[in-house]
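Written below as structure tokens is the structure these notes are about.
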Amino acid sequence: MEELITIITPNYNSEKFISETIESVLSQTYKNWEMIIVDDCSNDRSIEIVKKYMVQDERIRLIELEENSGVAVARNRAIEEAKGRFIAFLDSDDLWKAEKLEKQIRFMLEHGYALTYADYDLIDEENVQYGKTFKAPAQVNYESMLKTCSIGCLTAIYDTEKLGKVYMPHIKKGQDYATWLKILKKIPYAYGLNESLAVYRKRQSSVSSNKFKAIMHQWNIYRK
């Protein structure tokens, strides 16, 4: 019997990309999953698109927040509702390759790992790949993660049987980074699967595209 995986997907005005994201989950070779999409008061057609998929597949669930609260609140609400042993993260504009869950869960179960991640490709808003694949290190610990965040959120999976439910801090940017640091205070290492299993979409409007803001967010994580 396959272990249940909960996929956490915050959404805000992603009508252009949300269908591709959901399709990448539907195409997974690993079938025992639930996808919880938390909408943060979108004013585009993304909720309508999600509801069409819910009719097609009961594994997809939608939570609509009553006020715009940010990605940390959205992810944490989904974690509260999660029924799966494993918690995985996929934002509403990113993609998974078809064997992502199957390969990564096997990797975790065979070795007893509590937190894992993988390599990933990068694309732009028009699905054009650019740059090289992001190669994640074979393992990271708390000290090495303080230097740089080596774990792509879209590849991260943690095991609630080993860690319990781990929630993200309410900071504007880098909630995922702070969460991995929190987990690495509990365990010696997190481990990477040396294979590209996901596709990260870099958008021009992203906060990380501004270098000064990125530095300030990094400092905020250290301080807190």
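Only this structure's heavy atoms are used, side chains among them; waters, hydrogens and symmetry mates stay out.
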Is any NZ, NE, NH1 or NH2 atom of the basic residue among [X] and [Y] found under 4.0 Å from an Asp or Glu carboxylate oxygen of the other?
X: Lys83; Y: Glu34; answer: no
X: Glu64; Y: Lys51; answer: yes
X: Lys97; Y: Asp121; answer: yes

[X] side chain to [Y] backbone, donor-acceptor under 3.5 Å:
X: Asn32; Y: Glu2; answer: yes
X: Gln104; Y: Thr155; answer: yes
X: Lys165; Y: Ala82; answer: yes

Criterion side chain to side chain contact (heavy atoms under 4.5 Å, CB included) on Tyr200 and Cys153, from CA distance to verdict: CA-CA 9 Å; Tyr200 174 78; Cys153 188; over 6 Å; no

Separation between CH2 of Trp33 and CD1 of Ile60, rounded to the nearest 0.5 Å: 5.0 Å

Test side chain to side chain contact (heavy atoms under 4.5 Å, CB included) applied to Ile18 and Tyr53, step by step: CA-CA 10 Å; Ile18 190 73; Tyr53 279 101; over 6 Å; no

Inspect the surroundings of [atom1] in [X] and state if more than 12 heavy atoms from other residues, nucleotides or ligands are less than 6.0 Å away.
X: Lys52; atom1: NZ; value: no
X: Tyr167; atom1: OH; value: yes
X: Glu58; atom1: CD; value: no

Residues which pass salt bridge (charged side-chain N to carboxylate O under 4.0 Å, His left out) with Glu23, listed by chain and number, not counting sequence neighbours: none

Parallel, tilted or perpendicular: ring planes of His111 versus Tyr113, cut at 30 and 60 degrees: parallel

Salt bridge (charged side-chain N to carboxylate O under 4.0 Å, His left out) between Arg77 and Asp39, worked out: CA-CA 10 Å; Arg77 177 64 189 280; Asp39 185 77; over 6 Å; no

Worked verdict on Asp119 versus Phe134 for side chain to side chain contact (heavy atoms under 4.5 Å, CB included): CA-CA 6 Å; Asp119 302 346; Phe134 178 86; 5.7 Å; no

Verdict with reasoning, Arg201 to Glu20, per side chain to side chain contact (heavy atoms under 4.5 Å, CB included): CA-CA 11 Å; Arg201 190 186 306 276; Glu20 285 183 83; 3.7 Å; yes

